[in-house]
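Working notes, structure below.
In what follows, chains carry the letters A, B, and so on, assigned in the order in which the sequence lines appear, proteins first and then strands, with residues in each chain numbered from 1.
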Number of protein chains: 2
Amino acid sequence: MDRKEISQAVIQRLPRYYRYLEDLMDQGIERISSGELSKRMHLTASQIRQDLNNFGGFGQQGYGYNVANLHDEIAKILNIDRENPMIIVGAGHLGQALANYTNFQKRGFILKGIFDINPERIGKEAGGIKILPMTEMKTLVKKEKIRLAAICIPKSESIKVVDDLISYGIEGIWNFAHIDLDVPKHVVIENVHLSESLMRLSYRLFEELK
Amino acid sequence: MDRKEISQAVIQRLPRYYRYLEDLMDQGIERISSGELSKRMHLTASQIRQDLNNFGGFGQQGYGYNVANLHDEIAKILNIDRENPMIIVGAGHLGQALANYTNFQKRGFILKGIFDINPERIGKEAGGIKILPMTEMKTLVKKEKIRLAAICIPKSESIKVVDDLISYGIEGIWNFAHIDLDVPKHVVIENVHLSESLMRLSYRLFEELK
DNA sequence: TAGATTGTTAATCGATTAACAATC
DNA sequence: TAGATTGTTAATCGATTAACAATC
């Protein structure tokens, strides 16, 4: 499928649309107009229509959008309409927090392995599966053809580990380490730099006083 | 201090500059030009100079920027040049992960309390302090004049808890619950919607195939 | 001084908003 | 059919990049 490049701004908003549509379904709402959705999401109706029309005409004049249909279409766009096996590297509190998010499993992200170097953690359970030693990562990633890995280890170790993971076939890195990793072009990284997020909050908290 | 509104895009980048300056200091680098920094950060030199000049002329023609000085200036802009007491609501894995991030303490975010409703967790330690019952939140927030709270509880409970916190004097919410909270204008929210982050990664992971 | 690099203005690019004809 | 609301083009707004005089 050939189509024009989608901007980062649009991609940023897509999962949020998905979440709102989920909520609408839970509330039993069957159809919604861009105007009504714009009020709930604090966006303009124009932006919603522009965003969606990057991917296709999902609405109907005079009617609006069918909630369940749009929900499914966005799931397809985000590729969460299938099972996405993933692993978590690092079984500290953060790794375990991710392992236990039932939300992820619900959206097709199936936890296939969680790894740690700490012998005290190995063998215990997290997210319903046993924590494995990192030496077993290679075999599992290759055998299960896993493409997604969450990095929940200190930045000092993450460079080496990520290089290894990529050599095993990992193509998507969900990075929680406080470092910007260099990766080949075919690998995508989504950074979650929590300390930067907290600093932004700090800035905005004091902004009004200036 | 009256000055023109700073755009969200700039605020987004500020903590990243701070992190790179920290790294430069660790490497013993004393001065850096916008050109050299732009290469490391994969930005344009022009953007760096534009960003910084929103807050003042921190550089010197023919020399560049003094790393330690710029680092301190950005700390001031972000308000992490002082101690910011904070609390964490929810002592599950995520709450405990945040409580144990030494990075936060290093940047002046001092954990004053961590709360939970689960009796099994209460009394145990997280981040060097005892987990308290949520009934004690009000007293602590008021006594210590705490402005910052991290929300690590399920979305179903977070609406009520956040309303309460705001009534106690909290003005900054670091929200990890999967919901967009409605708050009065004087309260700022920084959302960390992890499931949305994972969906963005999923989109980009499959994007090339289309 | 000469060279380097900033601060800042102007030009460009891209994203958001407005408007409206098409159409359900 | 009439009213509502989309899809889409055009206008506006804002952010990024380029250029260069100022100056250390």
Side-chain angles (χ1 to χ4, degrees), chain A residues 1 3-17 20-21 24 29-74 77 200 203-204 207, chain B residues 1 3-17 20-21 24 29-74 77 200 203-204 207:
Chain A
M1 200 194 327
R3 51 187 192 188
K4 77 163 191 284
E5 196 68 30
I6 308 296
S7 81
Q8 285 303 312
V10 175
I11 299 168
Q12 178 76 23
R13 284 189 292 270
L14 275 181
R16 189 154 174 265
Y17 290 130
Y20 274 80
L21 288 162
L24 288 169
I29 295 170
E30 272 176 31
R31 58 176 276 245
I32 191 149
S33 67
S34 58
E36 173 58 24
L37 187 58
S38 74
K39 272 182 220 144
R40 292 177 184 245
M41 297 186 68
H42 303 290
L43 299 174
T44 64
S46 214
Q47 180 161 68
I48 293 175
R49 295 202 302 275
Q50 287 277 26
D51 282 353
L52 297 177
N53 278 89
N54 280 299
F55 304 98
F58 304 126
Q60 199 169 81
Q61 284 96 331
Y63 172 85
Y65 299 85
N66 177 281
V67 172
N69 173 251
L70 187 55
H71 174 268
D72 291 354
E73 290 292 348
I74 294 181
I77 295 165
R200 279 192 288 277
Y203 173 86
R204 292 166 53 218
E207 192 175 18
Chain B
M1 205 195 317
R3 53 188 188 185
K4 78 161 186 287
E5 197 68 30
I6 309 295
S7 81
Q8 286 303 312
V10 174
I11 299 169
Q12 178 78 21
R13 285 189 292 270
L14 274 181
R16 189 154 174 264
Y17 289 130
Y20 273 81
L21 289 162
L24 289 169
I29 295 170
E30 271 176 33
R31 58 176 274 244
I32 192 148
S33 68
S34 59
E36 172 60 24
L37 187 58
S38 74
K39 273 183 220 143
R40 294 176 183 246
M41 296 186 70
H42 303 289
L43 300 173
T44 63
S46 214
Q47 180 163 68
I48 293 175
R49 295 203 300 278
Q50 287 277 26
D51 282 353
L52 297 177
N53 276 92
N54 280 300
F55 304 98
F58 302 128
Q60 200 166 78
Q61 284 97 329
Y63 171 86
Y65 298 86
N66 178 280
V67 172
N69 173 251
L70 187 54
H71 174 269
D72 290 354
E73 291 292 347
I74 294 181
I77 294 165
R200 279 192 289 275
Y203 174 87
R204 291 166 54 216
E207 191 175 19

[atom1] of [X] versus [atom2] of [N]: gap in Å, rounded?
X	N	atom1	atom2	value
N66(A)	dT6(D)	CG	P	13 Å
H42(B)	dT17(D)	NE2	P	14 Å
Q47(A)	dA18(C)	CD	C1'	13 Å
I48(A)	dT8(D)	CD1	C1'	16 Å
L37(A)	dT6(D)	CG	P	10 Å
N53(A)	dA15(C)	CG	P	16 Å
E5(A)	dG14(C)	CD	P	11 Å
Q8(A)	dA15(C)	CD	P	10 Å

Original post:
Within a strict 4.5 Å, meaning less than it, do heavy atoms of the L21(A) and L24(A) side chains meet?
Top reply: yes
If only atom types and distance count, is the side chain of [X] paired as donor or acceptor with the main-chain N or O of [Y] below 3.5 Å?
X	Y	result
R13(B)	Q47(B)	no
R31(A)	Y63(A)	yes
N54(B)	D51(B)	yes

Original post:
When all nucleic acid strands are considered with a 4.0 Å heavy-atom cut-off, which category describes S7(B): base, sugar-phosphate, or nothing?
Top reply: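 Here S7(B) touches the backbone only, sparing every base.
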Subject >> From CZ (R49(B)) to OG (S38(B)), nearest 0.5 Å >> reply: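 With rounding to 0.5 Å, CZ (R49(B)) is 9.0 Å from OG (S38(B)).
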Original post:
Do the side-chain N or O atoms of S34(B) get closer than 4.0 angstrom to the phosphate oxygens (OP1, OP2) of dT5(C)?
Top reply: no
Subject >> T44(B) side chain near dT17(D) phosphate (N/O to OP1/OP2, under 4.0 Å) >> reply: yes
Nearest to the [X] side chain among [options], which nucleotide is it?
X	options	value
S33(A)	dT5(C), dT6(D), dT8(C)	dT6(D)
R31(B)	dG7(C), dA15(D), dT5(C)	dT5(C)
Q60(B)	dC24(D), dT9(C), dA15(C)	dC24(D)
Y65(B)	dT6(C), dT5(C), dT8(C)	dT6(C)
Q61(A)	dT17(D), dT23(C), dA15(C)	dT23(C)
R49(A)	dT6(D), dT5(C), dA19(D)	dT6(D)

Original post:
Does dC20(D) pair with anything, Watson-Crick or G-U wobble, both distances under 3.5 Å, and if so, with which nucleotide?
Top reply: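 Because both required distances fall under 3.5 Å, dC20(D) counts as paired with dG7(C).
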**OP:** Scan every strand shown for a Watson-Crick or G-U wobble partner of dT12(C), both distances under 3.5 Å, and answer none if you come up empty.
**Re:** dA15(D)
Original post:
If you take atom types as modelled and just measure distance, does the side chain of Q50(B) reach the base of dT6(C) with a donor-acceptor pair under 3.5 Å?
Top reply: no
